[in-house]
Amino acid sequence: MGENKSNKGYVNTYELNDGNIKQLRTLRFELPTTEWVDFVMLNRTQKDFVHDFDVVYGPVALYEELEEELNAQ
């Protein structure tokens with residue numbers, strides 16, 4: 001798979017009604033925990049990974065952070 005390099009970037013902007021957001025099923029990871037690592041790894045490695053949440057909040061996972069957390073387990 002080739003990688004295309006570009007100097008262009010995109011910004012997506014969305015407007016959401018607070019009342020509608022409260023109706024969504026959310027999963028929140030405040031810190032990179034073991035559960036967070038497990039979730040991120042499943043999401044990145046399992047082609048058919050499915051979960052029951054509309055929105056997942058959490059830290060952005062860099063490979064080095066995942067590796068560090070996995071080694072600590």
(message) Taking side-chain contact (heavy atoms from CB on, under 4.5 Å) as the definition, give me every residue that meets it alongside V55, ordered by chain and number, with sequence neighbours left out.
(response) L24, T26, Y57

(request) Name all residues meeting the side-chain hydrogen bond (donor to acceptor under 3.5 Å, both in side chains) criterion together with R28; count only those two or more places apart in sequence or in a different chain, and write none if there are none. (result) none

(request) Please name all residues satisfying side-chain contact (heavy atoms from CB on, under 4.5 Å) with Q23, sequence neighbours left out, ordered by chain then number. (result) N20

(request) Mind checking side-chain contact (heavy atoms from CB on, under 4.5 Å) for L27 and listing every partner two or more places apart, or none if nothing turns up? (result) F29, F39, F53, V56

(message) Per the salt bridge (Lys or Arg N to Asp or Glu O under 4.0 Å) rule, what does the pair list look like for residues 48-62, sequence neighbours excluded?
(response) R25-D54

(message) Can you tell me how far apart CG (N43) and NE2 (H51) are? Round to the nearest 0.5 Å.
(response) 6.0 Å

